[in-house]
2 protein chains.
Amino acid sequence: MKKVSIKDVAKLSGVSISTVSRVLTGSAPVSKELTEKVIKAVQELGYSPSSIARSLRNGATKTIGFILPDITNPFFAHIVRGAEDYLRKHGYTLIFGSSDQDKNEENHLLDVLLSKHIDGLLFTGSGDSNPKLLRKIEQGLKVVFLDRIIRGVNSSYVIVDNKKGINLLLDHLIENGHESFLFVNGDKNTFSAKQRHVAFMERMKSGKYKHEHYFTGFSYRAGYNFASQFDDILEFDAILCGNDLIAFGVIDALEEKGIHVPEQISVTGFDDIPFSKHYKPALTTVRQPMYEMGQKASELLLLMIKEQLSTAEGIILDPELVVRESTRRTKI
Amino acid sequence: MKKVSIKDVAKLSGVSISTVSRVLTGSAPVSKELTEKVIKAVQELGYSPSSIARSLRNGATKTIGFILPDITNPFFAHIVRGAEDYLRKHGYTLIFGSSDQDKNEENHLLDVLLSKHIDGLLFTGSGDSNPKLLRKIEQGLKVVFLDRIIRGVNSSYVIVDNKKGINLLLDHLIENGHESFLFVNGDKNTFSAKQRHVAFMERMKSGKYKHEHYFTGFSYRAGYNFASQFDDILEFDAILCGNDLIAFGVIDALEEKGIHVPEQISVTGFDDIPFSKHYKPALTTVRQPMYEMGQKASELLLLMIKEQLSTAEGIILDPELVVRESTRRTKI
DNA sequence: CTGTTAGCGCATTCAT
DNA sequence: ATGAATGCGCTAACAG
């Protein structure tokens, strides 16, 4: 590529490079006359300042990193979009990487992003505590955790009220006569899966309801495999799933067994990815405000950067029950 | 954030900064003794070289930009994932931006990415010719167009054989007795929609088949609205849709009208996003190798960068017919 | 093999 | 209001 630098502009307009810099950044007053000359030269040359040189000089890159499990998962894609829109509006660029929940990949990505001198990090990692990240935070790296919190880290986060989400689902099911529940949850080491597990068990401890709980994985495949292999599944009135993808897998496996949803058994999801509305049967689920999560997290992060906040702040968003066709009123 | 630089490492290990640089880059031999000292200091300090300083020095950022319509669209998310995986394996990082097909946003993104000194660009833009981009390409910017080519630009690209895709669909439909076709296409100004339109009209020009063609938009909404408002839709044996999302919208609108797919009318999609397999009815469509497109495009781009190729190369991937449940054999 | 030095493009002192 | 000089962190050319 070519290389028109501030020098070229200075030369063409017949001023010093500092003057050029001043008109471009507005950091100090410049006479109208010279300003015009500079602007003209800039246009003529199609010059645009090197933000990498600027970064080196200013110590800020106006770039935010985002480490997430998989951009291919609509849940994350929507969060990313929320972050992207907010950040761009405020002059920041987003650089991201999919980690596939892999600890090594996660660390590698962290190194890469750090070496790129990101100003802040949005992080949705595997559940395990990450010493390297922890250390960087202590050293001043601004991070906000999204959807998942890492144990032992006292930092900012944006999550959804998982307990409330589970209770919304259970309320709906119980009001409609359900009395026994099977919970097909996501990855065991994951923050959200754990929270949902706890909420579920708490609600069940009255002993009034028959129930079982299993950790699997947050994917269609995991749901499908689980339901395919699980015998006597009709002993339950309802199956709660760790997310919508699991629910899709469960429903498909059930139908293959000749079991109809919701006529014979109710199934619920979690997330409300856009597709859930169009699934057959349309999924009863709990909506997480994905786009908003991305926005809020970015807002929080930019605030931390701007104000040099070391204090952590947490935002807990409200989930919303969405009743559709995959749950029914039992005969009782 | 803190700032442990190469100087700190040099000081701690008692060598010069060039020695540190040499062991880190392997650009020149260093005695075992000093190497060890340096490595130890690096670990102790948790030092990682500033790739922004490196970029400034080397003139390469090891960063690739990707401008696309919307990361939230699974079609693009999968392409991005393919690109991401390939690029990361080769030491490159991906910066992306969603343009929503908006010309201004597209240009703004281009400026931002350029100022970040990306080494190359993956581009899926609105269909219209983009003079600014054109100019940058002439100035040496390495670009590969993905899925969509811009008119008047002679650059590298990776697309799918749209004509073949349409013919695969039409072959399947015709073999199964269909004789009249309605094509609900995507955005009119888009390269792929145009290609598919041409392929369709060419096949129809024999006059043997009743047919109509309309441009709408590449979204669920567009398909839904179109089908809701279209009267006498049952005069056609089959509806071809510009992509899977449109097909979903069409099918839903049809069902609301009490028209059953495929019993009363066949519907096809284009893309084969992962969800199409699980739709009810499972969608007959044409698979675009999305992940592979991202990979190939990245491979091509890195090649252009490495070899300083100015010559353009085009890769046309083969689409694949996927017959599922949304098409039937007509009685005839 | 190793240390010293110049300079990548820019913003910011410090002079004037 | 303007120009000259300095340094951000790093690599490569230049001396030993």
Side-chain angles (χ1 to χ4, degrees), chain A residues 1-39 41-42 45-63 91 111-119 139, chain B residues 1-39 41-42 45-63 91 111-112 114-119:
Chain A
M1 222 152 353
K2 56 119 213 354
K3 26 116 172 244
V4 26
S5 87
I6 196 170
K7 274 187 194 166
D8 303 304
V9 178
K11 197 181 302 175
L12 181 60
S13 51
V15 302
S16 73
I17 62 166
S18 10
T19 297
V20 176
S21 174
R22 285 193 265 259
V23 341
L24 259 37
T25 62
S27 60
V30 175
S31 72
K32 185 169 292 182
E33 195 183 7
L34 292 194
T35 301
E36 280 170 12
K37 280 187 187 174
V38 169
I39 290 179
V42 164
L45 268 44
Y47 168 74
S48 112
S50 158
S51 63
I52 101 144
R54 267 187 182 168
S55 299
L56 186 59
R57 176 66 233 241
N58 297 337
T61 52
K62 292 281 190 176
T63 301
D111 278 340
V112 172
L113 295 182
L114 250 25
S115 81
K116 296 254 176 201
H117 284 207
I118 51 171
D119 292 344
Q139 290 173 181
Chain B
M1 221 153 354
K2 58 115 212 0
K3 26 112 172 251
V4 25
S5 85
I6 196 171
K7 274 186 194 165
D8 304 302
V9 179
K11 197 182 302 173
L12 181 60
S13 50
V15 303
S16 73
I17 60 167
S18 20
T19 298
V20 176
S21 175
R22 285 194 264 258
V23 341
L24 259 38
T25 61
S27 60
V30 175
S31 71
K32 187 170 290 183
E33 195 185 7
L34 292 193
T35 301
E36 280 170 13
K37 280 188 187 172
V38 169
I39 289 178
V42 164
L45 266 44
Y47 168 75
S48 107
S50 160
S51 63
I52 102 144
R54 269 187 182 169
S55 299
L56 187 58
R57 176 65 233 238
N58 298 336
T61 53
K62 291 281 188 176
T63 300
D111 278 341
V112 172
L114 252 24
S115 83
K116 296 256 176 201
H117 285 208
I118 50 170
D119 293 344

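It should be emphasised that the depicted structure is a prediction, and the values quoted were computed from it without experimental measurement. Below, chain A is the first sequence line, B the second, and so on; all start at residue 1.
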Discussion item. What is the separation between atom CD1 on B:I17 and atom P on C:dG3, rounded to the nearest whole Å?
Written reply: 11 Å
Discussion item. Students often get this wrong, so: under 4.0 angstrom with heavy atoms, is A:V20 touching a base, only sugar-phosphate, or nothing?
Written reply: nothing
Discussion item. What's the closest nucleotide to the side chain of B:I6 if the choices are D:dG9, D:dA4, C:dG3?
Written reply: D:dG9
Item to complete: Specify the residue among B:Y47 and A:T35 whose closest nucleotide of DNA chain D lies further upstream toward the 5′ end.
Response: A:T35
Discussion item. Can you confirm whether B:V9 sits close enough to B:L45 that some side-chain heavy atom of one is under 4.5 Å from a side-chain heavy atom of the other?
Written reply: yes
Worksheet item: From the list C:dT12, D:dC10, C:dG3, which nucleotide is the closest neighbour of the side chain of A:S18?
Response: C:dT12
Worksheet, complete the sentence: B:K11 atom NZ is separated from C:dT4 atom P, nearest whole Å, by 14 Å
Worksheet item: Step by step, would you call A:T19 with A:K37 a side chain to side chain contact (heavy atoms under 4.5 Å, CB included)?
Response: CA-CA 11 Å; A:T19 297; A:K37 280 187 187 174; over 6 Å; no
Discussion item. Does A:T19 contact D:dA1 through a side-chain donor or acceptor facing the base, at a distance under 3.5 Å?
Written reply: no
Fill in: Contact nearer the 5' end of DNA chain C, comparing B:A53 with B:L34
B:L34
Worksheet, complete the sentence: Rounded to whole Å, NE2 of A:H117 lies from P of D:dC10 at a distance of 7 Å
Worksheet item: With a non-hydrogen cut-off below 4.0 angstrom, is B:S55 in contact with a base, only sugar-phosphate, or nothing?
Response: nothing
Worksheet item: Would you say A:L24 and A:V42 make side-chain contact, with heavy atoms under 4.5 Å?
Response: yes
Discussion item. Check the phosphate of D:dG9 against B:S50, side-chain N and O only, distance under 4.0 Å to OP1 or OP2. Yes or no?
Written reply: no
Discussion item. Please report the distance, rounded to the nearest Å, between CG in B:L56 and P in C:dA6.
Written reply: 17 Å
Worksheet entry | Per A:S5 side chain, nearest of listed nucleotides C:dG9, C:dG3, D:dG3 | C:dG9
Discussion item. Could you walk me through whether B:L34 and B:R22 satisfy the side chain to side chain contact (heavy atoms under 4.5 Å, CB included) test, starting with their C-alpha distance in whole Å, then the side-chain angles of each, then the deciding distance to 0.1 Å, before giving a yes or no?
Written reply: CA-CA 11 Å; B:L34 292 193; B:R22 285 194 264 258; over 6 Å; no
Item to complete: Give the rounded distance in Å between these two atoms: CZ of A:R57 and C1' of D:dC8.
Response: 7 Å
Discussion item. Distance check needed: D:dT2 P versus A:E36 CD, whole Å only.
Written reply: 12 Å
Discussion item. Nearest to the A:S21 side chain among C:dT12, C:dC1, D:dC10, which nucleotide is it?
Written reply: C:dT12
Worksheet item: Do the side-chain N and O atoms of A:S18 and A:S21 include a donor-acceptor pair separated by under 3.5 angstrom?
Response: no
Worksheet entry | Rounded interatomic separation in angstrom, taking CZ from B:R22 and P from D:dG9 | 20 Å
Worksheet, complete the sentence: In whole angstroms, the gap separating C1' of D:dA12 from CG of B:L24 amounts to 15 Å
Discussion item. Please determine whether a side-chain nitrogen or oxygen atom of A:S31 lies at a distance below 4.0 Å from atom OP1 or OP2 of D:dT2.
Written reply: yes
Worksheet entry | Phosphate OP1/OP2 of C:dC10 contacted by A:K7 side-chain N/O (<4.0 Å) | no
